[in-house]
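Not measured: the values here are computed from a predicted model.
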Protein chains: 2
Amino acid sequence: MSNLINISEAASLALHSMALIARNQPQRMNVKVLARDLDVSQTHLAKVFQKLSKNGLVKSVRGPAGGFELDKPAEDISFLEIYEIIEGKVNLTDCPLGKTHCVFETCIFGDELNRISADIYATLKEMNLSKF
Amino acid sequence: MSNLINISEAASLALHSMALIARNQPQRMNVKVLARDLDVSQTHLAKVFQKLSKNGLVKSVRGPAGGFELDKPAEDISFLEIYEIIEGKVNLTDCPLGKTHCVFETCIFGDELNRISADIYATLKEMNLSKF
DNA sequence: TTTATTTAGGTACTTCAATTCCTAAATAAG
DNA sequence: CTTATTTAGGAATTGAAGTACCTAAATAAA
Ligand code: FES
Ligand code: FES
């Protein structure tokens with residue numbers, strides 16, 4: 001069973017966590033309860049948050065009653081931003097696979113899939129945390 | 001650097017190989033020349049072809065001058081069919097990640113990404129080997 | 001018939017990313 | 001000040017995908 005859109009487990013966790021934090025504003029949330037809510041290991045989720053924190057999406061507070069909170073308004077945090085912090089910058093070139101050398105001079109997918117890739121990109125860019 | 005559409009290296013090899021074989025019809029091609037053309041290891045490509053062969057997409061001929069040829073008309077072999085043999089059946093449910101249990105009652109992606117997943121699916125189903 | 005070529009397929013190895021483990025640092029509460 | 005809680009981050013482990021190795025089976029050509 002496979003998915004057509006490429007969103008890793010880690011990126012999924014990041015998106016779900018950020019949505020939960022947005023919904024819970026202005027109170028912050030810690031990895032313990034987030035991990036419980038999302039039913040994943042604390043350590044894995046903690047790693048995800050190190051990236052989110054280092055990239056300025058969340059502000060971390062250590063110690064008792066600590067945790068994470070959004071570091072800017074919810075509507076200013078797009079799904080794309082979260083996605084790219086975890087997965088790396090999205091590659092939008094002539095080939096949906098980002099291939100530079102191919103036996104075929106023109107990409108075997110024509111430009112159908114590129115059109116769709118651009119569509120996904122725009123969609124992720126439009127979606128933000130304001131709706132939670 | 002990441003791609004938004006989920007196509008593994010193996011699936012990419014399968015699609016490119018099948019396109020090469022379609023283009024080279026009615027002569028068959030063997031893994032040796034295909035691997036050279038695609039610049040990958042013979043053994044890896046051979047594994048991909050075991051799946052394609054077992055699933056009736058190509059007919060294998062052993063021995064000198066052997067190799068693989070399409071086992072049905074090029075226009076009857078869709079990209080989707082090739083894709084699913086390698087990646088597994090595509091999951092088209094209410095969630096683009098195929099998640100069944102989620103903290104959010106309604107998928108955080110709304111139905112935007114589902115619409116797009118269905119779009120990719122339809123596109124892969126439409127595309128076939130007749131154009132090569 | 002013998003030999004060379006080519007696919008079939010099991011097993012093992014490698015590599016890279018995902019995941020976990022463990023300790024340190026920060027800080028609020030008692 | 002001490003303790004409990006929580007994030008930070010390096011190191012180690014695991015796991016999956018890709019790759020290689022090896023032998024068997026088929027078959028065309030010599
Ligand atoms: S160039 Fe896009 S698949 Fe080969
Ligand atoms: S249900 Fe689709 S992402 Fe959570």
For B/Val61 and A/Val61, find the nucleotide of DNA chain C closest to each by heavy atoms; which residue's nucleotide sits nearer the 5' end?
B/Val61

Could you give the CZ-to-C1' distance, from A/Arg28 to D/dT6, as a whole number of Å?
11 Å

Send over the distance from A/Lys51 NZ to C/dT19 P, rounded to a whole Å.
11 Å

Give B/Val31 one of three labels, base, sugar-phosphate or nothing, depending on what nucleic acid heavy atoms sit under 4.0 Å from its own.
sugar-phosphate

May I ask you to decide if the ring planes of A/Phe79 and A/Phe132 are parallel, tilted or perpendicular, using 30° and 60° as cut-offs?
parallel

Just verifying a value: how many Å separate B/Leu52 CG and B/Ser60 OG, rounded to the nearest 0.5 Å?
11.0 Å

In this structure, how many angstroms lie between the P atom of D/dG18 and the CD atom of B/Gln50, rounded?
15 Å

Using a heavy-atom cut-off of 4.0 Å across all strands, would you classify B/Lys47 as base, sugar-phosphate, or nothing?
base

To the nearest Å, how far apart are B/His44 NE2 and C/dC13 C1'?
15 Å

Spacing of A/Ser78 atom OG and A/Glu84 atom CD [to the nearest 0.5 Å]:
8.0 Å

Atom-to-atom span, NZ of B/Lys54 to C1' of C/dG9 - whole angstrom:
8 Å

Of B/Lys125, B/Lys72, B/Lys89, which is the lone residue that meets salt bridge (charged side-chain N to carboxylate O under 4.0 Å, His left out) with B/Glu81?
B/Lys72

Mind checking A/Ala10 for me? I need base, sugar-phosphate or nothing, with any heavy atom below 4.0 Å counting as a touch.
nothing

Where the side chain of B/Ser12 meets the backbone of B/Ser8, is there a donor-acceptor pair that is under 3.5 Å apart?
no

From CD of A/Glu69 over to C1' of D/dT7, roughly how many Å is that when rounded to an integer?
13 Å

Nearest-nucleotide 5' precedence on DNA chain D, A/Ala65 against B/Gln42:
A/Ala65

Pick base, sugar-phosphate or nothing for B/Glu9, based on heavy-atom distances below 4.0 Å to the nucleic acid.
sugar-phosphate

At 4.0 Å (heavy atoms only), tell me whether A/Ser53 reaches a base, stays on the sugar-phosphate, or touches nothing.
sugar-phosphate

State whether A/Thr43 places a side-chain N or O below 4.0 Å from either non-bridging phosphate oxygen (OP1 or OP2) of C/dT19.
no

Whole-Å distance, A/Arg36 CZ to D/dT6 C1', equals 15 Å

Can you see if the side chain of B/Ser60 gets near the phosphate of C/dA8 - specifically, an N or O under 4.0 Å from OP1 or OP2?
yes

Look at the side-chain N and O atoms of A/Ser41 and state whether any lies under 4.0 Å from the OP1 or OP2 oxygen of C/dT19.
no

Separation of B/Leu45 atom CG from D/dC21 atom C1', in whole Å?
17 Å

Assign B/Gly66 to base, sugar-phosphate, or nothing according to its heavy-atom contacts below 4.0 angstrom with the strands shown.
sugar-phosphate

